[in-house]
Structure formats: structure tokens, C-alpha cells
J.: 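Dropping a structure here in C-alpha cells format, bear with me for questions.
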Amino acid sequence: MAKQQQGSNGIALDGELIEVSGAREHNLKNIDISIPKNKLVVFTGVSGSGKSSLAFDTIYNEGQRRYMESFSAYARQFIGDMERPDVDKITGLSPVISIEQKTTGKNPRSTVGTITEVYDFMRLLFARIGEAYSYNTGKKMVKFSEEEIVENIYQRFEGKKISLLAPLVRGRKGHYRELFEDIRKKGFLKVRVDGEVKDITPKMQVDRYKIHDIEVVIDRLAVTPDMKVRLSQSVQQTLRTGKDLMFVLVNDEDKVIQYSKQLMCEDTGISYEEPSPNAFSFNSPYGACPTCKGLGSIYTVSTEAIFPDKNKTIKDGGIAPLGEEREAYMYRTTAQILRRKKIGVDKPIKDLPETAINFILYGNEEGVIGELDYSQPFDVYSGDFEGIVPMLNRWFNSSTSTDHMREWVEQFMELKMCPTCLGTRLKKESVWFRVDNRNIAELSDWNLDKLAHWFAGIEDRLSKKQNLIAKDILKEIRERLQFLLDVGLTYLTLNRSSKTLSGGEAQRIRLATQIGSQLQGITYILDEPSIGLHQRDNHRLITALKNLRDIGNSVLVVEHDKDIMLAADHLVDIGPRAGKYGGEVVAAGTPKAVLKSGSDTSKYLSGEKKIEVPKEHRKGNGKFLTIKGARGNNLKNVDVEFPLGKFIVVTGVSGSGKSTLINETLYPLLSKHCYNSKMTALDYDTIEGLEHIDKVIEIDQSPIGRTPRSNPATYCGFFTDIRTLFAAVPEAKIRGYNAGRFSFNVKGGRCDVCEGGGMRVIEMNFLPDVYVHCEKCNGKRYNRETLEIRYKGKSIADVLNMTVDEAVDFFQAVPYLYRKTKVLQDVGLGYITLGQSAVTLSGGEAQRVKLATELAKKDTGKTFYILDEPTTGLHFQDIQHLLDVLYKLADRGNTVLVIEHNLDVIKVADYIIDLGPEGGDGGGKILFEGAPEQMINNKESHTAKFLKQELEGQALN
């Protein structure tokens, strides 16, 4: 690659540029920009300034459109075309790959191992060099060839008389008359039935109702040197007849020895099939656990849900699935059977004897679940009374049950680890194959750094033959693991479900996959890859991005992280503000050049502007919420105290146990207490202080609706109030218009031509579809009659086109609308319009709309707010807006808990809970609880080191 020359502003010369001219997508102000190729380029600026519009909606979309244009017109009509972005021209653009913050699929079968392909290579490794062990005795399985069987027989039985038996029936019922006749016709004279050798006679049969073992006697001979050829031929015939399995009966001793060409346990005679990669896949019927079908967990009926209140009688609804006494068929039938059994329906459940409880639950007094027939329709059952548990199981699993029926049954069930595979997802044979005395499920449970260490020197622990076979497989596994470690994912495990990954984790996994592909000459565009990454691990991500650049790619990153900005070759600051006040290039060049530009970003980077630490912390209300013995996932039996009425930050390195403690233990407990939800918390001993909380609100990272008809007004729920307000206008009442008239999603008031969309799609066959303003309503979405209704001189379309700032002034006299629009303004979204399509909102904007929706709800002073990384997509300036809102909530006596890595948020907390010291198995401990200024002296905490630098005013670069 030719060495690039550099201009004074850090931009490459000699045509090594991506030139963008006249970009006008969304809020971009017809900008021209030159971006150096084969460099690490970071786009920054306040949330909503136009970074994503430039990087994704202009550069990436144009790259994708050019790729689609390379297809034939015939092919394009089937796959569709992409709309041309609103830009005059882009030159110097190489093929583009986007690595966005898409949430990963919700498929429970998708894991870190499957999406990175590491698990696929491990399946191949175990299929090719895995050693089988018996699940009965734990002994190594043996496998014989025909020659080895003959040799073994000579060694063990020389000089003895033996019979060679080929098994035909093993442990099955039947009279087998046809089988005996078929054997006789083939010329065989004797069979061994249930351990007794018999002559075959015409019309021979056995008891059809008993279980039988039947072997045909292929040959009877003495093991002497002159019989070697005959023995070899007979063994061959026996294995063929017995399908690779044969028995040797020593005539004088009545002792039977088993031989198999398959993997076999010499002691118990069980054999395994030849392993294939599918035998280790939980997504294949050949490898999946038959009970949970490879999911690792199953729904089981919860007796607590069946008897929610044991003080109640059956008559008063003590058995929840049956409800209270009524004319329903199920209740009447059950009550009748229970009375016949002398089980009183007027007695409290707690006073019933155990035998009666067992009968109600299982249909028998022993408390045993019988075999279930899922093929039966849900309204049919046999016998006197099958029991509530089998009945619910049948309704849940029956193919004839409706979705509504299954959803109803699900409320009486809980998701538990599969009792057969114990969460490994694999059938028992698969987990008894070992490499270096480890099975594949065990390795999948290890942290990636521990797994990489195990693979590092594995050749020394393998045989020469195993090394020869595994050489290329090990190389692929090690490379992929190293890429995952390089982007800071050391704490993940291969069996971690992909639906539990955060947006940042999923994005870094895709980044590792791209680094592994070793493509060159590509333009990579990444959307905030640092999400969820602790400062300690930032250098790993920066190294990974530079590696991608160094092999010959252009890396464009939309980012707010200070470390990544300062590590960039070229920094582009978009602004100066958000929405219609942004969309311009404020500064561009090397980080040093941008620092001198005087932009808001440069002031925060240089330390000229910063988020101030409050002079004193909130005292709280003196009450506490305390969890004791939390041990879910990697938590090490921890006790945690949450002071109420304060601003609490939970922090720690990635994978230290923050989400486990808060999202999977604390939140389900609060949700169950406040709303009686069915959520199940991970393992813990006790929780105290729930009585001080009466409402819990969780704001996570899941995206808001992504349909073009969804907008901030509909998402936040106040568009209904606006429509009701317009319906109350005197003119609307005279015309008989109700609130539905002002909806653009239903017939009546909306424009008939565009059906309330405001745009019409013109199909161009071989060319991309063209979107134009509807000629009838001119993009206003409503028909003329609806637009004639005006409130304060504004039509419903005018209100949707107002910015949030304008709406706050407009609705000042309407308290319930003023309050809801004011919250949007408070979180820094004053520049977006009420009717702006959700698809045009950036990640940071979408999350703040969600935040505003929750904050608009009235708090009680006893509300517990949980926010998971709310600084995602926020510029330094936006973080200040967010903190101002959270301060107000805490000042009113509520408890605000934030899971966060951002030092600007950590340093202003009233109370910090720090987990660690490492991720995965090395984490799960509470390192510190208390105020930020006390934490900086903690020697064990990685967060403390960075917080100390921040509080002492040192730059982290």
C-alpha cells in the first residue's frame, strides 16, 4: 500500500479521500466533507447533531446502494432497491460494512458460541478427537475392528469351545414367529432366547406379552490355531447379522462377552454411535437433550402458583387454576371427585393432609406424576381425576392447545433448569466425550480468557495422532478466541444466550468477527462500540480498531468516548447543536487540531468545561433496601445495601455482575412486590425494606418502535390527549367529531390518498421506489375537514410539526400536556418535532424519548427508578441534561439507581456500589459501598483508579 502524504490539517493527499459533497439527509445542512481513507476517523457531536445521518444514512446507504446497483435489473426486482441518499455526490468510497447497535436476535438457541462460530469448530474437534467414556461406569469406551475381535477371542478363549451369537431382539415384547421362521429358512439351527440356547423348530414362537432377548447362533467352534480362518469368517458373518454387535458365549462357563465395531463399554455393553459434529449440537436432534429439546430449561408447574394463598378454601379459589366456586365444568367435576374422596372444599388448603394435597396435584396420594399423553385434546382426560399438575402440563404441551390456552397455563408455571441435562442442553452421550478430560459443555461454561488459556498449550496434552487431526481446527478456534479477547469480551462464556447480550457486547462480537475475516480495502462504519465497556478495557477496543485500520481498511466510528476520540487519526465534530440547529461540520482534523477549535466538544475534551461534582450529597430518608446472599450467575453470595432517597450508581468492570444483581435479582423482586408480577429473581437468601417502595420503573436499552408511523407524541402517550383536546373544540363538537377523527392511523379524519402516511410511494419497477409528498394533503396526513378544526389557530398537523420547545410554550395553559412535553424538553430533546418519525431518531434520542415517557408518569416519593446505561449515545453536554432530570427525581425523595461506566455519572453519585474486581468468574464481589470521595482510596477497584484521576482533574489520555 502506497504511503499517504499528509496535509497540514491531517487530511491525506493524492486522492486517498472519501469526498462527500452536498449532504442534506435529515438535518444535514448541505455539507461538504473530506474523510481520509485507511484511517481511524471518529464522528462526534451532541446527540441529534447529524453524526448518524452523515455516517450511516449518507455514506453507508450510498455504499449499499452501489452494491445493489451491481446486480442485474432482473435480480433487483426481486430483492428491491435502495433509495438514493440526499447527497450530490460521494467519491472515493470503497465497499462498506456497517456494525451497528442492533439488538441481537431473541432466539433462545443462539449463543455467543454459535454466533462467533467457536462452538462449531469445537463440535468438529470433539467429533474427530474426542474420547468416549461410559455414562454408567465412567470407564473409557473401546472400539474393535474385525481383526482385533478375532485376535482378542484367541487371547482370551484359546482352547475353549465357544458360540458366536448375533443379537436380533433386545428387550422387546412379541411372539416373533416370523423372525424364527426367517432364521430357519437361512439355514441356522439354534437360537438363544432369554439366556437359553434352543433348537429352532417349525412354528416356533415365544410369549408375546413378555420382554425378550433373542440372539441367533451363527457358529459353534473350538478356539484352536487350525480354526483361525473359520473363526474370522464367522465373526464377519456375526457382525453383519448383528449390525456391528456380537456376543461370544463360552459354552462350559455360560459366560457371555460382548464385542462391537462401535464405541462400547466392556462392563455394561452399552454402545455409542460414531460421533459426528451434529452429536454435539443442541440445535440438532442428534445432539439435543430429549427433555428440553436443547434449550437447557423447561417450564414446570409451580405448586406455589396453584396454591397462592393456603389460608383460602377450595370453594373460595384456593386452587388458582380452578378459581372460585362457579358453574364451570372443570370446577364442578373436580369438586365432585374431591368430595367423593372425602376431601373438603370448605377447608383451608393449609389444613388438608399431605395425601389430599398430593391427590389434588397429581391425582394420586403418593405424589407421583404419571406418564402424560400430549396427543390427547386438552378437554379430554381418562380416569377418575388426573390431578392439576398433569392437567396443566397436558394443556401446555398438547398440539391441539391454542396460544391463548398456553399463555393462560404459563402463569402457573416457572422456567427451571432441565433436570435431565442440568442445563448443558446436550444428550447424556454427548457430554461423555472428552478432550484432555474435559467435555464440551464444561468448556462452554468457562470464561473466554480461561478457555483461551486452556487451548493455548493443549498440544502437549494430546497424543501424536490427535495433534495431527486437530492441528487446523485448533488454529481456527485460537484465532477466534483471541479476537474476542482483543475487544474486551474476556468475561463472556460460549453458552451465554445472545438475547442477554447488551448492544455494545453484540457489536463488539461482530467487530471481532470482522477482524477475523481479514478483509482489506473496506470502509467499516461502527456505532458507539464502547457501549458497556469499562475504561479499563478501552485500550483493547482501540487496539482492535487500529488493527482493522492497519490491515488496509477505513474505520469510521460514531462515538462520544473521550479515549477513542483522542486515539483517532481524524476527528469530525458535527453540530453546533441538535436537530435543525445542527447538521454542520464544526471542526475536523487531528484531535490536537480539534482541541484548538473552541467547539463544545473541544472544551469538554480539554477540561475547560466539565460536569461539576455536587458540593454535598443527599442525606436520603434513612431507610434501606437490603439483599442478603445474592448468588445468581457469578455473584459470590453477596450482601448489598441500597440507601433509599439517594442517587445510587452501580459500577464495575464489564461482566462483574452488575446486571445480574440489579436487572435479574433486584428488579424482579421489586416488580413482584409492587405489581405482583410473575418475574423470577435469581438465587438470594432474604430481602428487607420492600415496604418502603410502592412503585418501580425500569428503563432499559431496548429500542422504541421503529415504524414510520411511530413518533414521540404517540410513544410518550400524549398524542391521545392532544386529539381529545381538539375533539373538545366547539367547532369539532358542532360537527360531531370525536378524538378518533384526529388519528392518522384510522379512517375518517386522515387523508384517503396516503392513508395518513403523509408520503406516497411511487413504484419505479427496476429503479428505486420514490417517496413524494402526498399531492392531496401535501404531507399533512389529514383531510381538509379535519384540518379546519383549530386550537389557538393551529390545526392538528401544525401541532405535529411543532418542535418540543414550541409545544411547551403552546400548551402552557394545559397542565397535563405541558408536563409531558416539558419532560421531553428537560431531557434535551427540545429540538425534535412531536410528529417526527421514529425511524429518523438516533440511538441516544430514542432512549431519551423512552426515559421521558417514564419520567412523565407521576412519582410517589417512594418510587425506585432503575436505568441501565442511560448515557448511551449522549454527548458530554447531553449527560448534564440527563443528570439534571435525575437530580430532580432524587430531590423529591425517590431512589434513582443507575448502572453506569461513565465517570461523569459515577463522580456525582450520592452512593456507589462497585463490583469486581474482574469480569466473569473473577468478579461477583462487592468491592466498595459508599460516597465517591471515599472510594478513590480502594486499592482493589479498577474503577477507583480512574475515578481518582477524574476527581483530581487529570485527563485520561
Side-chain angles (χ1 to χ4, degrees), residues 39-42 99 101 112 115-116 118 446-453 455-456 477-494 496 501-518 524-551 553 555-569 591 634 651-659 869 871-872 900-903 915-923 941-947 949-950 955-957:
K39 295 288 179 186
L40 175 57
V41 181
V42 173
I99 306 177
Q101 291 176 39
V112 170
I115 56 181
T116 58
V118 174
W446 285 359
N447 291 349
L448 295 182
D449 52 355
K450 183 179 177 183
L451 186 62
H453 179 72
F455 271 113
I477 291 173
R478 281 199 279 251
E479 276 185 2
R480 281 167 167 75
L481 286 175
Q482 191 55 49
F483 297 139
L484 290 166
L485 302 185
D486 288 346
V487 292
L489 295 173
T490 55
Y491 57 90
L492 291 183
T493 61
L494 291 183
R496 170 86 173 262
L501 297 172
S502 70
E505 286 169 340
Q507 191 178 187
R508 289 198 296 283
I509 283 175
R510 284 196 293 275
L511 174 61
T513 308
Q514 289 300 330
I515 298 169
S517 66
Q518 295 285 300
Y524 285 100
I525 305 179
L526 292 89
D527 189 6
E528 284 203 270
S530 68
I531 299 167
L533 201 60
H534 192 271
Q535 283 79 7
R536 195 268 312 254
D537 301 316
N538 260 358
H539 68 278
R540 286 177 171 167
L541 175 62
I542 292 167
T543 304
L545 294 173
K546 287 182 174 178
N547 287 344
L548 206 55
R549 172 202 68 187
D550 292 343
I551 60 174
N553 298 300
V555 182
L556 313 185
V557 184
V558 175
E559 190 54 88
H560 294 111
D561 182 80
K562 189 188 289 187
D563 293 344
I564 295 177
M565 284 190 224
L566 295 173
D569 300 317
N634 67 332
T651 187
V653 296
S654 311
S656 57
K658 303 182 296 297
S659 296
E869 293 201 74
T871 60
T872 299
E900 193 55 83
H901 292 119
N902 190 295
L903 289 169
L915 284 90
E918 300 298 330
D921 291 342
S941 166
H942 290 290
T943 310
K945 296 170 197 167
F946 290 93
L947 182 62
Q949 290 175 312
E950 183 73 23
L956 290 184
N957 57 320

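Numbering of residues begins at 1 and proceeds along the displayed sequence. These values consider heavy atoms only, across backbone and side chains, with no hydrogens, waters or symmetry-generated copies.
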J.: Taking all heavy atoms of L548 and all of N553, pick out the closest pair and write down the distance.
T.: O-ND2, 2.9 Å

J.: Measure the OG1-NE2 distance between T872 and H560 for me, rounded to the nearest 0.5 Å.
T.: 10.5 Å

J.: How long is the span from the CZ atom in R549 to the CG atom in L40, to the nearest 0.5 Å?
T.: 6.5 Å

J.: Within the 3.5 Å criterion, strictly below it, is a donor on S530 or E559 matched to an acceptor on the partner's side chain?
T.: yes

J.: Does D449 reach the side chain of L481, with side-chain heavy atoms less than 4.5 Å apart?
T.: no

J.: Please find the pair of heavy atoms, one from G922 and one from P917, that lie closest to each other, and give the distance.
T.: O-CD, 3.3 Å

J.: Hey, are the side chains of L556 and Y524 touching, using non-hydrogen atoms and a 4.5 Å cut-off?
T.: no

J.: Any donor-acceptor pair under 3.5 Å linking the side chain of R508 with the backbone of I531?
T.: yes

J.: Which heavy atom of G532 sits nearest to which heavy atom of S654, and what is that distance?
T.: O-OG, 2.9 Å

J.: Hey, could you give me the NZ/CG distance between K39 and D550, rounded to the nearest 0.5 Å?
T.: 9.0 Å

J.: In the structure I gave you, are the side-chain heavy atoms of I525 and I99 within less than 4.5 Å of one another anywhere?
T.: no

J.: Does a side-chain heavy-atom distance below 4.5 Å link E950 with Q535?
T.: no

J.: Do I509 and L489 have side chains that approach each other closer than 4.5 Å (heavy atoms only, starting at C-beta)?
T.: yes

J.: For the pair E918 and R536, find out whether any cationic side-chain nitrogen is under 4.0 Å from an anionic carboxylate oxygen.
T.: yes

J.: With side chains defined as the heavy atoms from C-beta onward, is the minimum distance between L492 and L501 less than 4.5 Å?
T.: yes

J.: Between N634 (side chain) and D921 (backbone), is there a donor-acceptor pair under 3.5 Å?
T.: no

J.: Hydrogens and angles aside, do N538 and D561 bring a side-chain donor and acceptor to less than 3.5 Å of each other?
T.: yes

J.: I need the T943 OG1 to L903 CG distance, nearest 0.5 Å.
T.: 8.0 Å

J.: Should L541 and I564 be marked as a side chain to side chain contact (heavy atoms under 4.5 Å, CB included) after you check the CA-CA gap, both sets of side-chain angles, and the distance that decides it?
T.: CA-CA 9 Å; L541 175 62; I564 295 177; 3.7 Å; yes

J.: Output, in order, the C-alpha distance, side-chain angles, deciding distance and verdict of side chain to side chain contact (heavy atoms under 4.5 Å, CB included) for V487 and R540.
T.: CA-CA 5 Å; V487 292; R540 286 177 171 167; over 6 Å; no

J.: Taking atom types as modelled, is there a side-chain donor on H901 or T651 under 3.5 Å from an acceptor on the other?
T.: no

J.: For T490 and L448, what are the C-alpha separation, side-chain angles and deciding distance, and is it a side chain to side chain contact (heavy atoms under 4.5 Å, CB included)?
T.: CA-CA 5 Å; T490 55; L448 295 182; 5.6 Å; no

J.: Less than 4.5 Å apart, any side-chain heavy atom of L451 and any of L494?
T.: yes

J.: What distance separates T543 OG1 from I515 CD1, expressed to the nearest 0.5 Å?
T.: 10.0 Å

J.: Kindly compute the distance separating CG (L533) from CD (E528), expressed to the nearest 0.5 Å.
T.: 12.0 Å

J.: Between K658 and E869, is there a side-chain heavy-atom distance shorter than 4.5 Å?
T.: no

J.: How close do G919 and V653 get, heavy atom to heavy atom, and via which atoms?
T.: N-CG2, 3.7 Å

J.: Specify the closest pair of heavy atoms between P591 and L566, including all atoms of both residues, with the distance to one decimal.
T.: CG-O, 3.8 Å

